[in-house]
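Each remark here refers to the structure printed beneath this line.
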Amino acid sequence: MSRSIAVLVAGVAAVVMVLSKFIVPMESAETTVAEWFNAAAAIAFVLGGASLLKMNLLTISARGPGWGYAAVTLVAFLATLGVGLFKVGVPPSAAFPDHRMGGTPDAEGGALWWIYEYLMSPITGTLFAMLAFYVASAAFRAFRAKNAAAIFLLVTAFVVLLGRTYAGVFVTSWIPDDVPWVSWLRLENLSAVIMSVFTTAGTRAMIIGIAIGVAATGIKIMIGLDRSYLGAGAGGGNG
Amino acid sequence: MATHAGHASIFARLDRIDRRWIFLAMFVAVAAPILWVGVTGKTFPEAPTPAVQGAFDAVESLPSGARVLVSMDFDPASAGELQPMATAIVRHCALRGHRICTMTLWPAGGPIIDGTMQDVLGDRPDYRYGEHWVNLGYRAGFEGVMKQMNSRVSLAYATDVRQTPLERIPMLEGITGIADFDLLVSISAGYAGAKEWVQYSVSPTLTGSKPLRFVAGSTGVQTPQLIPYYPNQMAGILGAIKGAAEYEYLVNEAVRKADPSAIVPAKFQEAQRRMAPQLFGHVLMVALIVLGNVVFFGLRNREARA
Amino acid sequence: MSQFPGTSGTPGAPGMPADPAVARRANRLMIAVLAVIAALLVVRAWVGTEVGSGADAQVVHGYGMVFVEQQGAGHVQVPAAEWAQAVAADPAQQRVMVSWPRTVGVWAAALLTLAVLSFLWRDNPVYKLAESVVVGVSAGYVMSTAVWSSLVNQVFGKLAPGLTKAYLSPGLTTTESDWWALVPLGLGMLLLCRLSARLSWVGMFPLAFVVGVFSGWRFVQYVESDLLAQVATMFDPLYVAGPTAAATVGGTLCAVLVLVGVLTVLAYFFFSLEHKGPVGGAARIGVWYLMITFGASFGFTVMGRIALLAARCEFLFDDWLWLIDPAGKH
Amino acid sequence: MLADAADPAQKAWFAADKVPLLVALAVVVAAVLGSIALARTGRPIRIRRLAGLDAVEEAVGRATEMGRPILFVPGIQDMDNIMTVAGVTILGHVAKVAAEYDAEIEVPTSRSIVMTAARDTVQAAYLAAGRPDSYNPDRIYYVTDDQFAYVAATSGMMARKKPAACFYFGCFFAESLILAENGNAVGAIQVAGTAETAQLPFFVAACDYTLIGEEFFAASAYLSGEPDQVGTLLGQDVVKAIVWFVGLAAAALGTVAALQGPDGALQPFVSAMRAAMGGGA
């Protein structure tokens, strides 16, 4: 029963959003819903924090493997949340110098800013930077020109990799730049042609296909055929 | 056959090489040029591609005082690629005298805006907050924020980050919906970012009377997926650090052209400097793929013969 | 130390020599190489960096020093040269000074950067520690940002404007309560029910609402932007007249190749037709287009990865070790 | 042009410039719903052969011959991700083939719910293959939620057990590279499928077969055999076919108009159509 109501809620919400695109007076309905949607998105972040808290508390209380790391995560979470919510060390705002909560929570010099700048930035940045090492290792050990398709792919990758740096200019500088019949063969020009012709065409066809797929999913949610989301979690993503 | 056996053993040894040597090679390929450029200060000349030139022209062609909305939709994890773009575009806007409104759809984007504005406008006392630039900050909701801003910016943002109500901010006078801005810029590392801006805010205006001009800056991973939108739905794209370097080069050339004696501060050449580690990193990648295949097929031939 | 298990390096894992003697030798050699690199960096930093020029010159032994200047209510980071100048002018000045919190911060950032990089050597507790910290810190940061940027003004401010203005948000201009704000608050509360096993079914309703709204938007916007507007570009003429014969041929060829690419890749993604005859031929051409597209993606992705590594290296060499000063920070 | 056709009085409540969009949405709805209805009548709908799926049998056969296990990774996201759902559907097929060949299948997962779903699926597959006794739930296990820790553990397992066939079907991020690299190092046949565009190039370069984007979903719809899923696939094909012919016609019209020059008879029509569809003038 409650599942059917939920499916109905989703379907009605979707249809109303579609109609509001065409029926001008419904625009205010759309912006109101958007406001609720945004608040729900903000609360989803709170939900994310709460579920992290719950998970780590469970690990710690059960003395599960690696509970020490869970404790570190917990302390880091609570400390960051605390200094963020209470605006610890935030310089007062120019407009409201006397108000304790007048400043921006992550303004330069505040505790939250310090955590952001010196803990969060370096770790997330380095975690992403590690991928450069992994891709190098995979380059040597996994990317094999084992068939024509792979050869095509790798050769294109070479052209783009070299053509998008000075290496391309250097390697093919002997090709005259002022003879239009051959100048496109210079690596920097060739990589531009690959982007403007082949990537444009290939990606265009792919996003057309994806758009049709997204539309089909939307239709199925509207008429209640697709209910997979009911077993799903919530929250935004990045990435 | 001694030489042949020698070859084979080299292949076999290379095939079993400890991957940490490859990691070290990548580190050296990136670190050494950084030190070299850091000491010598040399950079490579850049030849702008059409998509970058399009982005530059979109900013350049606006009359002075035009209003540009810059959404910095990334977090510190991607700042290595995108910060130079953000700096270059905001700097270009400031050089042209445009009024800049900043915002972000990513929760960790706030300090990135502060840092960028401090870098670019720190020594521009003529750029007064509220009159020449304003920071709306972060709002949760991804596409929901775009939907609200399409109708009325003030629905999404009641105040700016300094808690000034929008109607009391001089530079936003006359701005109702997002289409009232003369240009939208999104520098984005993924969802929600440039693609969603195109879908939700730019494309709906294309059938109307006032299409919204849009420029995107994007990470290397995302750039190919934005290419089909250029030039119809986007005026230009800065793709990866190379796009940033080309844009920086165009802005710096424009500065030098206006005043041949002008010295471009080092902080505005970050992306151009980065092209040196890129060069060596890319060459190493190509070499590793080629070498890996030589080893692979070398060993396979040997097995086939044996 | 079972609460901090570091998975031991997996002996015999790919890329790790199987023979322990070889592995030991490789380890020793690698440690030696890393030690030499580290020693060079330390020696260079020990020598110190001269900041300022002429009479103002001061030698600073780098290592992550940050100088700040009082500006308004807060402090702003300034180059070391400015500090050198200020000290040379007045040794007792308090205007420009070393910021210990930020100096400690640069150290923390550098050590954490190295901690993460240590995973390349093998999985270890230090890496895991850095990872645990970032998971907690990111969640805390995002949650506090969501509260301040969205909930305070958009929800609390509408329900209790007086209280919110007095204690949380002095800039608030609303004075009347807007009870519609209870709806998102209620949605949020229901969403939080998902945390409880017994009540999680209640969380289904806000989720259904969010999914419904979102899929309605996506349905329309994907068709408008990625289907209709993309098909509109196919009106591009195949004949492109250029200023020269070469430009005309080139432009026309490019236009034809784009159209052929879109149509053949679409043909590849037909699933209800066997890849035989003309459809098969088109699909085979489509595969080539896809491979070139992926090759370009490959190149761009690699480019992005290397750029991020370069940024981290620059941080270590510039902000921490003061080996270089490309941005004029010192 | 279409916008002009609308009565000015109607503009007050109807967004006239969105008529082409309305038409496009109507076409998509009609195609998808019509195809689902057709599939529900029980008429068989043919789905073309997918090389990646054909490769499953070959790879499993080889693993059996060599007496080495099969590895299946259903991505690193939870069951709310449609790619994970599609991956688990394909796992059912792989497990069935494995049961028939009596090959050992290993499924490390990154989410506990995925583990539960995978166990159910594999058990059902063994039952369908008539070998319920051979099903071993211990080989389907949860490792950790953490991306890189998961990869480290899975890589170590790969080094020890040296699977002869590796399948990666689901949502992958940066770990795609590391998995494929390790699979290569142990000499496995590798088959992958994902719709995560940024990872596709790496899979294509490192694996023997890759199901690309929509192909991956098509494989899952085909294997599920549900009329609604197969019908949706057909509906999408219908829309693609319409796009195909409209695109071709658009290119022809655009070219003729360009050859006629700016004053040609076709130019106003082409410009108006293009503008109405959001393609600029």
Side-chain angles (χ1 to χ4, degrees), chain A residues 21 27-28 30-31 34-35 37-42 44-45 93-96 102 104 106-108 113 116-117 120-122 124-125 127-129 132-133 135-137 139-145 154 157-158 161-162 164-167 169 188 192 195-196 199-200 203-204 207 236-239, chain B residues 17 19 22-23 25-27 30 44 47 49-51 75-80 106-108 110-111 114 118 137 139-142 144-145 147-148 151-152 155-156 161-164 189-192 224-225 227-228 230 239-240 242 275 278-279 281-286 288-289 291-293 296:
Chain A
K21 178 86 182 179
E27 194 186 316
S28 64
E30 188 180 39
T31 51
E35 193 179 321
F37 181 89
N38 295 352
F45 286 127
S93 81
F96 311 98
T104 18
D106 48 16
E108 183 174 347
W113 172 83
Y116 174 95
E117 183 78 12
M120 203 169 128
S121 299
T124 55
L127 280 172
F128 265 65
F133 296 108
V135 82
S137 165
F140 182 68
R141 303 158 55 83
F143 301 141
R144 299 283 180 252
L154 291 176
F158 289 175
L161 279 172
L162 298 177
R164 300 281 288 174
T165 63
Y166 199 73
V169 179
E188 70 270 27
M195 292 310 279
S196 67
T199 299
T200 301
T203 316
R204 180 165 290 156
I207 70 172
N238 58 21
Chain B
I17 190 173
R19 66 195 286 201
I22 301 173
F23 295 160
M26 181 49 96
F27 180 78
V30 171
F44 297 113
T49 44
D75 62 7
S78 304
W106 286 41
D114 294 339
Q118 173 67 31
R139 193 65 79 237
F142 310 115
V145 178
K147 278 283 183 188
Q148 287 188 312
S151 300
R152 285 220 309 277
L155 286 176
V161 287
R162 302 189 181 183
Q163 307 210 5
T164 318
Y191 176 83
Q225 284 146 58
I227 293 287
Y230 169 80
K242 168 76 170 161
M275 289 315 290
Q278 284 309 134
L279 167 64
H282 290 193
V283 170
L284 177 70
M285 277 296 296
V286 171
L288 283 172
I289 294 176
L291 190 65
N293 276 290
F296 175 73

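Just so you know, these numbers use all the heavy atoms, side chains as well, and skip hydrogens, waters and symmetry mates. In what follows, chains carry the letters A, B, and so on, assigned in the order in which the sequence lines appear, proteins first and then strands, with residues in each chain numbered from 1. Every value quoted in this text rests on a predicted model; they were computed, and no experiment measured them.
Between the side chains of A/Thr165 and B/Gln278, no donor-acceptor pair is found at a separation under 3.5 Å.
The two residues A/Ala145 and B/Asn293 come nearest to each other via the heavy atoms N-OD1, 2.8 Å. The two residues A/Ala136 and B/Met26 have their closest heavy-atom pair at CB-CE, 3.7 Å.
Counting heavy atoms from C-beta on, the side chains of B/Val145 and A/Glu35 never come closer than 4.5 Å. Side chains of B/Asp114 and A/Glu108 form no contact here, defined as non-hydrogen atoms less than 4.5 Å apart. Considering only heavy atoms from C-beta on, A/Asn38 comes within 4.5 Å of B/Gln148 through its side chain. Two residues are said to be in side-chain contact when any heavy atoms from C-beta on lie closer than 4.5 Å; A/Phe140 and B/Ile289 fail this criterion.
Both the backbone and the side chain of B/Ser151 come within contact range of chain A, each with at least one heavy atom under 4.5 Å from a heavy atom of that chain.
Taking chain A as the reference chain and counting heavy-atom pairs below 4.5 Å, the highest number among B/Tyr230, B/Phe296, B/Phe27 is found for B/Phe296. Most heavy-atom pairs under 4.5 Å with chain B: of the set A/Asp106, A/Leu162, A/Val169, this distinction falls to A/Asp106. Contact tally against chain A (heavy-atom pairs below 4.5 Å) for B/Ala47, B/Pro228, B/Gly239: the top residue is B/Pro228.
Note on ring orientation: taking the six-membered ring where Trp is involved, the planes of B/Phe23 and A/Phe133 are perpendicular (angle over 60°, cut-offs 30° and 60°).
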